[in-house]
*Asks:* 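This structure is in structure tokens; I'll ask about it shortly.
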Amino acid sequence: MDLSIFENFSNKCSKNLPNAIDEILKANKEKKVCAIGFITVDDFYGFYLSYDYMKNNLDEFYDWEDGLEPAFLYQPLVDVVESCEIDFCTKSDEKWDFAETLLTVLEKNIKQIPNEIFVKNNYRREDILFFATMADGDYIEEMLNTSIKMFNTLETIEAYGHTQ
């Protein structure tokens, strides 16, 4: 899939994601362990950010009580979805291609978060496990496993015991 259709979404992420991550990390500087998930739905109508400071409950992200619903992760992505001629209600190669391209955009933006955001909140980048998945839908596990490998260092993945 052509990355250029995600340009506006990527630009909004680039501008706003560091502040959202700063807000999450600032909330609990002393915890030292944090997982942050980009959670979408089956038709990719936006993301919300879910986060938790417990190391062992990644598979229960749907029960996490902490979260943000930043506008930059909603409307810009909805605009991309609405510009596509993909049936997002049906599992397909095109839908998975869209998901993988979206993960590539998120990966780029996560890796561009300035290190200072982590340091000023008493974290190392490697302390945070980033992932993306669907709250419900066709590609919950695929997105989770693919994004963990894309977004994180081997050190982080091993620290969280994620071996998929």
Side-chain angles (χ1 to χ4, degrees), residues 5-82 88 98-153 156-157 159-160 162:
I5 67 168
F6 289 92
E7 185 175 354
N8 185 50
F9 175 74
S10 183
N11 289 339
K12 298 283 185 182
C13 281
S14 179
K15 180 179 177 185
N16 296 291
L17 186 58
N19 292 332
I21 300 304
D22 184 37
E23 184 178 334
I24 291 169
L25 298 180
K26 194 181 300 180
N28 284 289
K29 288 183 180 184
E30 72 282 354
K31 298 288 185 173
K32 288 308 218 184
V33 174
C34 182
I36 300 174
F38 294 77
I39 314 299
T40 190
V41 291
D42 202 31
D43 60 6
F44 297 99
Y45 260 59
F47 279 107
Y48 68 91
L49 288 172
S50 185
Y51 58 96
D52 194 72
Y53 297 94
M54 303 291 288
K55 188 173 181 178
N56 298 318
N57 71 346
L58 183 60
D59 292 332
E60 298 172 9
F61 68 87
Y62 47 82
D63 283 336
W64 293 356
E65 295 179 13
D66 298 316
L68 301 175
E69 295 182 20
F72 75 91
L73 289 175
Y74 182 76
Q75 192 60 50
L77 183 54
V78 169
D79 293 343
V80 174
V81 168
E82 290 181 348
F88 288 102
F98 182 93
E100 287 184 309
T101 306
L102 178 57
L103 292 177
T104 300
V105 171
L106 287 175
E107 175 189 27
K108 178 190 95 152
N109 282 282
I110 289 167
K111 290 184 176 180
Q112 289 178 349
I113 297 169
N115 200 46
E116 294 77 35
I117 298 292
F118 301 96
V119 172
K120 78 177 191 176
N121 289 297
N122 298 322
Y123 283 91
R124 297 177 316 130
R125 182 181 296 269
E126 294 77 19
D127 294 331
I128 313 303
L129 181 79
F130 289 99
F131 68 94
T133 192
M134 296 178 158
D136 56 39
D138 297 319
Y139 296 107
I140 295 170
E141 289 297 319
E142 294 91 339
M143 284 185 68
L144 179 67
N145 293 329
T146 300
S147 67
I148 286 174
K149 291 174 187 170
M150 291 174 73
F151 299 172
N152 301 284
T153 65
T156 304
I157 294 168
Y160 276 82
H162 192 80

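Note that the structure is a prediction, hence the values are computed from the model and not measured.
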*Asks:* Taking ring pair (Phe, Tyr, Trp, His ring centres under 6.0 Å) as the definition, give me every residue that meets it alongside F151, ordered by chain and number, with sequence neighbours left out.
*Replies:*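 F151 satisfies ring pair (Phe, Tyr, Trp, His ring centres under 6.0 Å) with no residue once adjacent residues are dropped.
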*Asks:* Would you say CD of E69 has more than 12 non-hydrogen atoms from neighbouring residues, nucleotides or ligands within 6.0 angstrom?
*Replies:*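 No, not enclosed.
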*Asks:* Please evaluate residues V78 and F44 with respect to the criterion side-chain contact (heavy atoms from CB on, under 4.5 Å), reporting the C-alpha separation (whole Å), side-chain torsions for both, the decisive distance (0.1 Å), and the verdict.
*Replies:* CA-CA 7 Å; V78 169; F44 297 99; over 6 Å; no
*Asks:* Are side-chain heavy atoms of I113 and L17 found at a separation under 4.5 Å?
*Replies:*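 A side-chain contact exists here, since the closest heavy-atom pair is under 4.5 Å.
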*Asks:* Tell me whether S147 contacts the main-chain N or O of L144 through its side chain, where contact means a donor paired with an acceptor under 3.5 Å.
*Replies:*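 A pair under 3.5 Å: yes.
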*Asks:* How about I128 and T156: do any of their side-chain heavy atoms sit closer than 4.5 Å?
*Replies:*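 The answer is no; the side chains never approach within 4.5 Å.
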*Asks:* Where do S50 and I39 come nearest, in terms of heavy atoms and distance?
*Replies:*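 S50 and I39 have their closest heavy atoms at CB-CG1, 3.9 Å.
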*Asks:* Indicate the atoms forming the closest heavy-atom contact of M150 with E107, along with that distance.
*Replies:*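 Scanning both residues completely, I find the closest heavy atoms to be O-OE2, 3.0 Å.
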*Asks:* Side chains of C34 and D127: does their closest heavy-atom pair fall under 4.5 Å?
*Replies:*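 Sidechains of D127 and C34: no contact.
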*Asks:* Applying side chain to side chain contact (heavy atoms under 4.5 Å, CB included) between L106 and each of F47, F130, F131, report the one that passes.
*Replies:*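 Among F47, F130, F131, the one that satisfies the side chain to side chain contact (heavy atoms under 4.5 Å, CB included) with L106 is F47.
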*Asks:* Within the structure provided, determine whether T153 and R125 are in side-chain contact (heavy-atom separation under 4.5 Å).
*Replies:*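 Not touching, per the 4.5 Å side-chain cut-off.
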*Asks:* Strictly by modelled atom types, are D79 and Q75 linked by a side-chain donor-acceptor pair under 3.5 Å?
*Replies:*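 Side chains of D79 and Q75: pair found under 3.5 Å.
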*Asks:* For P70 versus L49, what's the shortest heavy-atom pair and its separation?
*Replies:*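 So the two residues come closest at CG-CD1, 4.2 Å.
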*Asks:* Working to the nearest 0.5 Å, report the span between CD1 of I157 and CG of N145.
*Replies:*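 One gets 10.0 Å once the value is rounded to the nearest 0.5 Å.
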*Asks:* How long is the span from the CE atom in M134 to the CD atom in E142, to the nearest 0.5 Å?
*Replies:*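 Reported to 0.5 Å precision, the distance equals 9.0 Å.
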*Asks:* Could you check if a side-chain atom of K12 sits within less than 4.5 angstrom of a side-chain atom of N8, using non-hydrogen atoms only?
*Replies:*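 Yes - at least one pair of side-chain heavy atoms lies under 4.5 Å apart.
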*Asks:* Between I148 and Y160, is there a side-chain heavy-atom distance shorter than 4.5 Å?
*Replies:*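 A side-chain contact under 4.5 Å is absent here.
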*Asks:* So, taking the atom named CG in N16 and the one named CG in N11, what distance separates them when rounded to the nearest 0.5 Å?
*Replies:*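 N16 atom CG to N11 atom CG measures 10.5 Å (nearest 0.5 Å).
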*Asks:* Specify the closest pair of heavy atoms between C13 and P18, including all atoms of both residues, with the distance to one decimal.
*Replies:*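 For C13 versus P18, the nearest heavy atoms are O-CD, 3.8 Å.
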*Asks:* Measuring from I117:CD1 to I24:CD1, what's the distance to the nearest 0.5 Å?
*Replies:*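 Here the interatomic distance stands at 11.5 Å.
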*Asks:* Quick one: does F38's side chain get under 4.5 Å of Y48's, heavy atoms only?
*Replies:*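 No, side chains not in contact.
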*Asks:* As an exercise, state the distance from CD1 of I36 to CD1 of I21, rounded to the nearest 0.5 Å.
*Replies:*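 That separation rounds to 4.0 Å.
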*Asks:* Check A132 against L103 and note the closest heavy-atom contact, atom names and distance.
*Replies:*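 Closest heavy-atom pair between A132 and L103: CB-CD2, 3.6 Å.
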*Asks:* Any chance you could measure T40, atom OG1, to I140, atom CD1, to the nearest 0.5 Å?
*Replies:*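 Result: 11.0 Å between the selected atoms.
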*Asks:* For K15, does the NZ atom sit with more than 12 other heavy atoms under 6.0 Å from it, leaving out its own atoms?
*Replies:*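 Result for NZ/K15: open.
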*Asks:* Taking the side chain as every heavy atom from C-beta outward, state whether L25 and F118 have any atom pair closer than 4.5 Å.
*Replies:*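 Contact flag for L25/F118 side chains = yes.
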